[in-house]
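So you know, we letter chains A, B, ... as the sequences are listed, proteins then strands, and number each from 1.
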Amino acid sequence: MKRHALSTRIWHWLNLICVVILFMSGLNISNAHRYLYWGAYGFDPADAWLSVVRFPGWATIPGYYNLAAARDWHILMAWPFALGLLFMWVAMLLNGHFWRDLRTSRSEWRPSAMLADIKAHLRLDFEHEGAKFNFLQKLAYGLVLGVFLPLMVFTGMAISPGFEPAAPWLVDMFGGRQSARSIHFLTAWAIFGFFIVHIVLVLLSGPVKQLRDMITGGRDAS
Amino acid sequence: MRRRSIIAGMAGLLAAGCSKVGKSDTGSAILDKAEDWHRRAHRALAGKQALAREYPRSAISPTFRGNGSQTVDTDDYRAQLANGFGDWRLQVRGLVETPLSLSMENIRKLPQRTQVTRHDCVEGWSAIGEWTGPQLSLLLDAAGVKEEANFIIFRCADTYNGGDYYESIDMVDAYHPQTIVAHLLNGEPLPEKNGAPLRMRVERQLGYKHPKYLTAIEAVASLDGIGGGKGGYWEDRSGYQWYAGV
C-alpha cells in the first residue's frame, strides 16, 4: 500500500499553490485598508482592534501595490482552493484516510499521553508504532483540514456582498462582516504558522524521503 | 539571513511571475472568467432577486465615511449646492421609448423605498446607513426601456483624478428591488461627501459600483465605446472587477 494516496498527493500540491498565491495576494489586499474591526461595520482606525503592518512588495502578489490585480488573483485561486478542499474531504472519507489516520481516540487526549507525545517531539523522535500519525500530527492536520482551511472558505464567502443574500446566517455566525474579515485574516496567519512548522518538521525528519513520498506516494512502513 | 533572502527571492519571483501572467492576454482572460463564475454562482445560489441584508435603524454607523470624490469641483455644482439643488436634473435616456428629465421635486414625489444597508468598500471597511429614494426599476419602467438594452450606465457630475466618473450594471441588478436612486441618508438630504443630491445604491456589490452626484441614467446594448469600454471608472482606470459582488 502507498504511504500517501494519489488523491492526497494531488490535493497537497494543488493546495500548496493555491494557499501561497491566496496568502500573498491577500497581503496585497490587506494593504488597502490596514485596520481590522469586530462587528458588522468599521471604517475608523480609532475603532480598530488591530492596525496591520504594511506588507512589502516581495511578500505580495503582484509585487507592487495593486488592489485590482491582487483581487483578481485572490478571486481566481479561491475556486481551486475551495473545490480542492471539498475533493480532499470526499476522498478522505471514502478512502478511509480520515477514519484510519486522522481521527483521534479518547486515550490520546489523556494529559499524560499528550505530554509524552510533546516530549517525544521535542527530542525530535518522530517514531510512532502502528498508526501513521502520532497525536500532535493528527491534531495539526485535523485542525488544518477540518478547521483552518474550511474557515478560510467560509469567512471568504461571508465577506462577499454578492454571496451574503444566499446565506446571511453565515455572516451572523462569524459575528458580522467585519468580524468575518478579522477571522479571515487571523486564520490566514494560523495557516502560515502551520506552514512554517510543517516545513521545519519535514526538514528535521528526512526532507528528501518526505518530498519523494509526497510525489511518488512512497511505500507504507506497515 | 541567507535563508531569509532566499525566501524573499522566491516570493519575489512568484510575485513577478504572477504580475506577468496577469498582464498577458490569456492570463487576464482567465482572471475575467473567475469574476464571471462568482457572479453566476452568487445568482444561482441566492437567486436574482434575493435581498442584501437590511438592518434595524439602531445598527446605523455614527457617521458614514466619505471616500473617493467628496465634492464636485465646479462653480455650477457649488451654486446648485447653495440653492438646495433646485435646478438639478436627472436624465433617463438611451435605449428608452420616452426619455425623461426629472427634477429633485419629481424624484421626491415618486414612491420611495427606505433601506438600512451595509456599504462595503473594496478596500475592506464597512459602514451602515439608511438610504431613501425611488427604485431604479420605477424610472426605467416610466421611460420604457427597449428590448435591446443590456446594461444601465450611470453618469456623474464628478471627475476623479481627471476622469469622468461613471459606472454600469446589468439588467438583473438594475431591476433588483434594492437598487434605488437615493436622495436621503439617515433621513436627511445626502451630504456633499456622500454624493449630494443623488447617488445610486446597488446593495449586492462593493461601494465603487454606487456612483455619486448622479446626472443621468442611460440604457445601452453594449459597454463598448463608453469610457474605456470596461464598464466603469475604476474598471477602465485600474482594472477593477466589473462584477463587484466578491
Side-chain angles (χ1 to χ4, degrees), chain A residues 17 20-21 23-25 27-37 39-45 47-48 52 56-64 66-80 156-157 159-168 171-172 176-178 181 185, chain B residues 7-9 11-12 14-23 28 30-35 37-39 41-47 49-53 55 59 61-65 67 118-128 203-206 234-235 238-241 243-246:
Chain A
I17 296 169
V20 170
I21 295 179
F23 186 77
M24 292 174 68
S25 57
L27 296 185
N28 203 320
I29 294 170
S30 170
N31 283 348
H33 187 75
R34 298 181 294 108
Y35 303 94
L36 294 173
Y37 313 92
Y41 71 84
F43 52 84
D44 186 348
D47 298 332
V52 181
W58 61 262
T60 67
I61 290 176
Y64 46 89
N66 185 324
L67 179 56
R71 279 171 45 80
D72 267 343
W73 280 103
H74 214 70
I75 287 166
L76 175 71
M77 296 316 278
W79 284 98
M157 286 169 152
I159 52 185
S160 163
F163 178 78
E164 187 175 350
V171 186
D172 292 337
R177 201 248 182 187
Q178 287 298 323
R181 180 170 165 265
F185 180 90
Chain B
I7 293 170
L14 191 65
C18 285
S19 311
K20 210 161 181 182
V21 172
K23 278 179 188 152
S28 67
I30 293 171
L31 295 172
D32 287 347
K33 268 279 176 294
E35 173 192 330
W37 296 333
H38 280 277
R39 181 174 50 85
H42 288 173
R43 287 180 181 172
L45 291 167
Q49 294 284 301
L51 298 183
R53 177 189 301 259
Y55 293 84
S61 312
T63 54
F64 199 97
R65 182 176 174 172
N67 200 38
R118 195 190 63 232
H119 178 99
D120 297 323
C121 177
V122 64
E123 292 168 354
W125 55 266
S126 308
I128 297 176
E203 302 294 356
R204 295 182 303 177
Q205 297 204 42
L206 296 169
W234 286 105
E235 291 89 328
S238 304
Y240 276 44
Q241 294 72 26
Y243 173 66
V246 194

Non-hydrogen atoms of chain A under 4.5 Å away: do they reach the side chain of [X], the backbone, both or neither?
| X | result |
| --- | --- |
| B/Leu51 | backbone |
| B/Trp234 | neither |
| B/Ser28 | neither |
| B/Ala41 | side chain |

Does any backbone or side-chain atom of [X] lie under 4.5 Å from a heavy atom of chain B? Answer side chain, backbone, both or neither.
| X | value |
| --- | --- |
| A/Asp172 | both |
| A/Tyr35 | neither |
| A/Ile75 | both |
| A/Trp79 | side chain |
| A/Ala40 | both |

Mind listing the closest non-hydrogen atom pair of [X] and [Y] along with its distance?
| X | Y | result |
| --- | --- | --- |
| B/Ala46 | A/Pro165 | CB-C, 4.0 Å |
| B/Gly245 | A/Ser160 | O-OG, 2.8 Å |
| A/Tyr41 | B/Ser126 | CB-O, 3.4 Å |

Close side-chain approach of [X] to [Y], heavy-atom, < 4.5 Å:
| X | Y | answer |
| --- | --- | --- |
| B/Trp125 | A/Pro45 | no |
| A/Arg71 | B/Leu206 | yes |
| A/Glu164 | B/Arg118 | yes |

Any idea which of [options] has the most non-hydrogen atom pairs under 4.5 angstrom with chain B?
| options | result |
| --- | --- |
| A/Ser25, A/Pro62, A/Ala70, A/Gly156 | A/Pro62 |
| A/Ala167, A/Ala166, A/Ala32, A/Pro161 | A/Pro161 |
| A/Ser30, A/Gly63, A/Gly39 | A/Gly63 |
| A/Gly57, A/Ala68, A/Ala78 | A/Ala68 |
| A/Arg181, A/His33, A/Met24, A/Arg177 | A/Arg177 |

Requested in this report: Kindly compute the distance separating CD1 (B/Ile30) from CG (A/Asp72), expressed to the nearest 0.5 Å.
Outcome: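 Answer rounded to 0.5 Å: 11.5 Å.
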
Query raised in the report: Could you state the interatomic distance from CG (B/Leu45) to CE (A/Met157), rounded to the nearest 0.5 Å?
Result: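 Spacing of CG (B/Leu45) from CE (A/Met157) equals 7.0 Å.
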
Query - Heavy-atom pair count under 4.5 Å with chain A, highest-scoring of B/Tyr55, B/Tyr243, B/Trp37 - result: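 Between B/Tyr55, B/Tyr243, B/Trp37, the count favours B/Trp37.
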
Report task. Between chain A and each of B/Arg204, B/Gln205, B/Arg65, B/Gln241, count heavy-atom pairs under 4.5 Å; write down the option with the most. Result ->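 Of the candidates given, the most pairs with chain A belong to B/Gln241.
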
Requested in this report: State which residues pass side-chain hydrogen bond (donor to acceptor under 3.5 Å, both in side chains) with A/Asn28; sequence neighbours excluded, sorted by chain then number.
Outcome: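 With neighbours one apart ignored, the set is empty.
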
Requested in this report: Over 60° means perpendicular and under 30° means parallel, so classify the ring planes of A/Phe163 and B/His42, tilted if in between.
Outcome: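 B/His42 and A/Phe163: tilted rings.
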
